[in-house]
Amino acid sequence: MANMESDFSPGGGASGSVAADADFGFAFDDSNFSDRVLRIEIIPDLPESKSDGDGCSSIADWARNRKRRREGVDVIVQDEEQVLNCNLPDTEDGLAYENQDEEAVAMIEEPLSDDGFNLNPAGDDDDHSNPSSQNMDFSTVLRVRNIHISSPILAAKSPFFYKLFSNGMKESEQRHVTLQIHVSEEAALLDLLHFMYSNTLSTTTPTALLDVLMAADKFEVASCMRYCSRLLRNLPMTLESALLYLDLPSSVLMADAVQALTEAANQFLAAQYKDITKFQEDVLNLPLAGIEAVLSSDDLQVASEDAVYDFVLKWARNHYPKLEERREVLATRLGRLIRFPYMTCRKLKKVLTCNDFEPELASKVVLEALFFKAETSYRQRTLAAEEANATYHRFVERAYKYRPVKVVEFELPRQQCVVHLDLNHEECAHLFPAGRVYSQAFHLAGQGFFLSAHCNMDQQSSFHCFGLFLGMQEKGSVSFAVDYEFAARTKPSEEYASKYKGNYTFTGGKAVGYRNLFSLPWTAFMADDSIYFIKGVLHLRAELTIRH
């Protein structure tokens with residue numbers, strides 16, 4: 001058994017062996033090349049399942065009826081006399097599957113041992129001690145198919161069959177292995193068996209490939225899972241199919257062989273709903289797997305992470321009206337997709353009092369976010385880079401419509417705030433010839449303000465230049481008299497140098513600033529030797545003080 005474990009690649013298939021790639025299709029169901037007979041007993045589907053005769057003409061049909069596939073294939077390996085459950089504690093190489101809903105379950109029937117000892121408990125001909133046999137109605141076999149099989153070929157492709165055939169069955173001239181399956185599983189099992197000989201499938205429809213994929217998962221034929229996954233990946237992806245691929249049974253989703261398919265489904269959904277505000281109602285109706293795919297994307301186009309937080313709460317409240325269930329899904333699934341370090345401090349305060357989160361979790365994510373905000377820009381970029389290959393990108397910035405800022409607020413001796421806005425060279429380049437980028441809102445004396453960077457023409461309209469403006473969010477008829485100063489880091493000192501000072505009495509929706517902050521044409525500002533880009537980043541600072 002130890003040798004077998006080293007020879008198998010994860011999920012089955014002898015890695016590097018001739019058997020893994022050879023075509024033995026000529027030997028399928030041929031007694032001349034077989035050492036066993038596989039007896040397939042077909043029984044009716046479960047009452048709530050659609051029969052095979054009705055079929056599934058589309059992915060939607062398959063999804064509606066996939067419950068029958070989740071029920072699993074009960075497998076019985078038997079001779080003609082007795083039944084032995086191979087999950088006996090003292091059977092070292094026996095199969096010990098716990099979840100019968102996801103994996104095949106094997107039972108072995110053996111003749112009496114050489115010394116005449118019956119391996120079954122005395123008189124227990126019906127094997128009532130075996131849970132699987134109690135769940136099966138052995139008397140309702142609709143039909144039987146006998147297929148000649150080669151145990152080495154099947155064992156080379158499947159750890160399930162390897163364990164089955166090395167489970168201590170006595171040598172005899174003819175050994176029968178009986179699998180009892182539902183009607184809806186028949187075609188998939190036959191396709192799977194043929195694949196194990198030939199490394200190819202004749203079926204190409206999505207529903208049939210999904211059936212074979214499920215069967216391959218149950219019987220641990222990883223090479224077939226990879227094959228089905230590749231064919232499904234090459235088919236046109238739709239919203240329906242993407243959601244289905246992400247909602248396959250957990251045993252299938254966790255298989256390495258299916259990761260490329262699930263990743264393709266994730267990417268499709270992320271691209272489909274990249275602009276989450278444009279498709280807000282559609283995204284709100286997505287199931288959990290779909291919303292996870294959308295919110296996992298770094299390219300999500302959203303105003304700010306505050307908006308992501310609000311959206312997650314709205315989705316969770318719609319889909320999980322019970323508080324206990326909502327807290328569970330936020331703690332284990334959706335909370336990981338909110339990038340709290342990029343939320344504003346005002347919104348983080350609301351997280352601490354939000355009843356949807358367990359208090360301990362809320363404190364943890366807010367504290368982590370505040371520590372991240374306190375880090376230097378270099379350390380923040382390092383933390384983001386370390387998460388590049390991680391499942392959850394807590395410290396990776398999305399494509400926010402409003403750029404995050406760092407804010408330091410003072411109450412005494414005067415109400416004042418210092419705001420830091422960083423823009424990289426690429427972001428600035430995208431502003432040409434007449435673009436603008438806005439910062440997230442920040443607050444002073446309870447009033448919301450924002451910064452906006454522009455590419456515009458200078459006052460004489462002779463060349464493009466970089467401008468910076470300060471605006472106040474609309475909020476009634478309140479007016480604020482503010483002293484402000486714009487500064488930028490410059491080479492070689494890398495210290496902030498003041499670029500513009502002014503004062504202005506703001507009313508709702510008004511903005512003030514300087515059209516040519518650096519007194520340079522755009523080309524000189526963006527040049528490789530520009531003194532304003534330090535390691536590719538433009539560091540801007542705005543200082544606001546309430547005038548009394």
Side-chain angles (χ1 to χ4, degrees), residues 5 8-15 20 38 40 45-46 49 52 56 59 62-63 65-77 95-106 132 153-164 179-201 203-233 235 241-266 289:
E5 290 174 352
F8 272 114
S9 61
S15 61
L38 180 64
I40 304 176
D45 279 331
L46 298 174
S49 299
D52 190 48
C56 294
I59 285 283
W62 194 96
N65 292 281
R66 79 180 185 276
K67 184 180 188 298
R68 70 171 185 253
R69 295 158 175 86
R70 286 181 184 259
E71 293 295 332
V73 179
D74 284 318
V75 183
I76 303 169
V77 184
L95 300 179
Y97 296 123
E98 297 294 332
N99 187 350
Q100 296 183 17
D101 287 339
E102 300 292 349
E103 297 172 327
V105 180
S132 293
I153 291 178
L154 268 60
K157 288 297 182 70
S158 162
F160 172 86
F161 282 106
Y162 174 84
K163 296 171 187 176
L164 186 60
L179 305 184
Q180 194 171 77
I181 62 171
H182 293 110
V183 169
S184 58
E185 304 287 351
E186 181 181 1
L189 177 59
L190 293 175
D191 283 340
L192 176 65
L193 291 171
H194 194 272
F195 176 90
M196 295 167 76
Y197 277 78
S198 64
N199 296 303
T200 188
L201 290 172
T203 185
T204 56
T205 65
T207 55
L209 288 171
L210 283 167
D211 280 337
V212 177
L213 177 64
M214 301 279 278
D217 171 63
K218 294 177 190 298
F219 292 102
E220 304 178 78
V221 188
S223 56
C224 187
M225 294 182 72
R226 283 191 292 271
Y227 186 90
C228 293
S229 176
R230 185 170 68 252
L231 291 183
L232 288 168
R233 229 166 46 242
L235 294 173
S241 62
L243 291 174
L244 177 58
Y245 299 154
L246 295 176
D247 194 40
L248 290 169
S250 58
S251 62
V252 179
L253 289 176
M254 291 187 294
D256 290 340
V258 186
Q259 291 305 302
L261 178 63
T262 56
E263 181 59 29
N266 277 315

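These numbers were taken from a predicted model, which means no experiment stands behind them.
Of the inter-residue distances, the one linking C228 atom SG with L261 atom CG reads 10.0 Å to the nearest 0.5 angstrom. Here L232 contributes atom CG and L209 contributes atom CG; the two are 5.0 Å apart, rounded to the nearest 0.5 Å. M225 contributes atom CE, which lies 10.0 Å from atom CD of E220 (distance to the nearest 0.5 angstrom). A distance of 9.0 Å separates CE in M254 from CG in D217, rounded to the nearest 0.5 Å.
Of the options D247, V258, L210, a side-chain contact (heavy atoms from CB on, under 4.5 Å) to V252 is made by V258 and by none of the others.
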Query raised in the report: Between N199 and K157, does a side chain to side chain contact (heavy atoms under 4.5 Å, CB included) hold up when you go through it step by step?
Result: CA-CA 10 Å; N199 296 303; K157 288 297 182 70; 2.5 Å; yes
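Scanning all heavy atoms of the two residues, the minimum distance from A257 to A222 falls at CB-O, 3.8 Å. In this structure, A264 and R233 approach most closely via the heavy-atom pair CB-CG, 3.9 Å. Scanning all heavy atoms of the two residues, the minimum distance from M196 to L154 falls at CE-O, 3.5 Å. Considering every non-hydrogen atom in both L235 and T204, the closest pair reads CD1-O, 4.3 Å. The heavy-atom pair separating L192 from C224 by the smallest distance is CD1-SG, 3.7 Å.
The shortest distance between side-chain heavy atoms of D256 and R226 does not fall below 4.5 Å. Considering only heavy atoms from C-beta on, L189 stays 4.5 Å or farther from V212 through its side chain. You'll find the side chain of I181 reaches within 4.5 Å of the side chain of E186, heavy atoms only. Taking 4.5 Å as the limit, some side-chain heavy atom of L193 sits within range of a side-chain heavy atom of L38.
Take F195 and apply the ring-ring contact (aromatic ring centres under 6.0 Å, His included) test, not counting sequence neighbours, and it matches Y227. Looking at residues two or more places apart in sequence or on another chain, you find a side-chain contact (heavy atoms from CB on, under 4.5 Å) between A242 and M237, A265, F268, L269. Evaluation of the side-chain hydrogen bond (donor to acceptor under 3.5 Å, both in side chains) rule for Q259 yields no partner, not counting sequence neighbours.
Of the possible donor and acceptor atoms, one in the side chain of S158 sits under 3.5 Å from a partner among the backbone N and O of F219. At least one donor-acceptor pair under 3.5 Å links the side chain of N266 to the backbone N or O of T262. A side-chain donor-acceptor contact under 3.5 Å links S198 to the backbone of H194.
Remark: the D191 side chain and the T203 side chain contain no N/O donor-acceptor pair separated by less than 3.5 Å.
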